There are 2 protein chains.
Amino acid sequence: MTKTKERLEAFKELLDRKGLKYTYERECIYDEVQRIDQHFDADSLYDRFKKRGARIARATVYRNLPLLLESGVIQKSAGEGKRDFYEKTTSKGHHDHMVCLGCKRIIEFHSDELEALQDKLSHQYKFKLIFHDHRLFGYCEKCRA
Amino acid sequence: MTKTKERLEAFKELLDRKGLKYTYERECIYDEVQRIDQHFDADSLYDRFKKRGARIARATVYRNLPLLLESGVIQKSAGEGKRDFYEKTTSKGHHDHMVCLGCKRIIEFHSDELEALQDKLSHQYKFKLIFHDHRLFGYCEKCRA
DNA sequence: TTGAATGCAAAACCTTTGCAAGCTC
DNA sequence: GAGCTTGCAAAGGTTTTGCATTCAA
């Protein structure tokens with residue numbers, strides 16, 4: 001079974017577990033999210049439906065994102081302001097962020113060692129890790145002067 | 001020099017660097033933050049002034065928190081909803097969070113290994129680390145069933 | 001058939017902003 | 001005195017909610 005299908009299953013299982021229904025709108029939202037390779041917020045997702053003429057209300061998008069989050073289909077991404085940002089969960093390509101308090105620049109980084117350590121800690125706490133949000137705040141090379 | 005005074009110096013230096021002034025209100029806000037041992041948001045900080053009869057406007061609080069953040073006096077804390085949460089920066093007692101997607105419970109954890117790894121990564125990227133925000137999302141022991 | 005989901009628009013919430021008056025330096 | 005700050009209240013942007021209607025199981 002492909003990863004994508006596994007995630008859809010996880011979503012359906014969550015709905016089942018909660019006594020919720022797999023509606024047409026939820027299917028649309030799930031599908032659309034899979035097509036987005038960047039991070040996105042609720043409104044930009046809604047816009048994609050609007051531009052295409054799909055009849056999905058903004059409230060429906062807002063109401064369903066938490067379910068996608070809870071099922072691990074999407075994860076929180078580095079927010080750039082007030083809005084919540086998300087990105088679809090993929091096993092590869094994950095990165096974390098260093099945020100410069102001076103120039104606000106965002107440096108992406110990846111560390112296998114870090115990922116491994118998180119797995120180890122999760123295991124210690126009997127926690128089933130789905131995704132994480134890790135940001136380092138400080139000053140970049142230019143701004144630390 | 002005590003840690004607390006060092007942080008006040010960092011705050012004053014930031015103001016200087018930006019051509020800003022060390023006003024009575026900024027002093028009040030700095031002091032009040034030092035008295036809070038838990039995490040807090042802008043509004044609860046404002047309430048503390050209001051209850052005590054101090055004349056500091058909500059807008060002033062909102063306008064100054066970013067400066068305390070930038071100077072490293074406070075840091076972002078695990079937000080529990082939409083609001084931004086902060087906590088004062090202390091060298092000891094820092095912890096990160098595992099957030100259960102099922103019951104929303106928050107498990108605090110601490111790992112020296114993790115802290116060390118972050119320092120190492122920061123060094124690699126010539127990044128001066130001030131604080132970080134690290135949350136693991138998944139399912140706790142009870143909810144993973 | 002029954003409880004859940006949707007759409008719409010209004011409401012709620014948190015945060016930011018404009019402006020006149022007041023302070024630092 | 002010049003320019004940054006503040007207080008106030010109004011505005012702004014994002015997310016949530018109430019309710020009647022529609023839909024999944």
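Lettering of chains follows the sequences in order, A, B, ..., and the numbering in each one begins at 1. This structure is a prediction, so every number in the text was calculated from the model and none was measured. Quick note: numbers below take in every heavy atom, side chains included, and nothing from hydrogens, waters or symmetry partners.
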Exercise for review: Treat each ILVMFWY residue as a node, draw an edge where side-chain heavy atoms are under 4.5 Å apart, and state whether B:Y22 and B:I29 are in one component.
Suggested key: yes
Study note, to complete from the structure: Separation of D:dC4 atom C1' from B:R17 atom CZ, nearest Å, is 18 Å
Practice item. Send over the distance from B:D16 CG to D:dC4 P, rounded to a whole Å. Key: 14 Å
**Study point:** Integer-rounded Å distance: C:dC14 P and B:F40 CZ
**Key:** 16 Å
**Study point:** Partner of B:L45 by side chain to side chain contact (heavy atoms under 4.5 Å, CB included), out of B:V61, B:N64, B:I56, B:I74
**Key:** B:V61
Exercise for review: Whole angstrom is fine here: how far is it from CG in B:D41 over to C1' in C:dC13?
Suggested key: 12 Å
Exercise for review: Check the angle between the aromatic planes of A:F109 and A:H134 and answer parallel, tilted or perpendicular using the 30° and 60° thresholds.
Suggested key: perpendicular
Are any protein N/O atoms closer than 3.5 Å to N/O atoms in nucleotides 5-8 of chain C? If there are, list each pair with its distance.
from: C:dA5; atom 1: OP1; to: A:R26; atom 2: NH2; distance (Å): 2.1
from: C:dT6; atom 1: OP1; to: A:T23; atom 2: OG1; distance (Å): 3.1
from: C:dG7; atom 1: OP1; to: A:R55; atom 2: O; distance (Å): 2.4
from: C:dG7; atom 1: OP2; to: A:A57; atom 2: N; distance (Å): 2.8
from: C:dG7; atom 1: OP2; to: A:T60; atom 2: OG1; distance (Å): 2.4
from: C:dG7; atom 1: N7; to: A:R63; atom 2: NH2; distance (Å): 2.8
from: C:dG7; atom 1: O6; to: A:R63; atom 2: NH2; distance (Å): 3.4

Point to revise | Heavy-atom closest pair, residues A:Y125 and B:H110 | key: OH-N, 4.2 Å
Practice item. Whole angstrom is fine here: how far is it from OH in B:Y86 over to P in C:dC14? Key: 13 Å
Practice item. Taking only the side-chain nitrogens and oxygens of B:Y62, find out if one of them lies under 4.0 Å from OP1 or OP2 of C:dT16. Key: no
Review point. Please walk me through it: do A:S44 and A:D41 pass side-chain hydrogen bond (donor to acceptor under 3.5 Å, both in side chains)?
Key: CA-CA 6 Å; A:S44 65; A:D41 58 33; 3.1 Å; yes
Check your understanding: A:F131 vs B:F137 aromatic rings, parallel, tilted or perpendicular, using cut-offs 30° and 60°?
Key -> parallel
Exercise for review: In whole angstrom, give the distance that lies between atom NZ of A:K18 and atom C1' of D:dA24.
Suggested key: 18 Å
Point to revise | d(CD, B:E27; P, C:dC23) in whole Å | key: 15 Å
Review point. Atom CG of B:L65 to atom P of C:dT16: distance rounded to whole Å?
Key: 9 Å
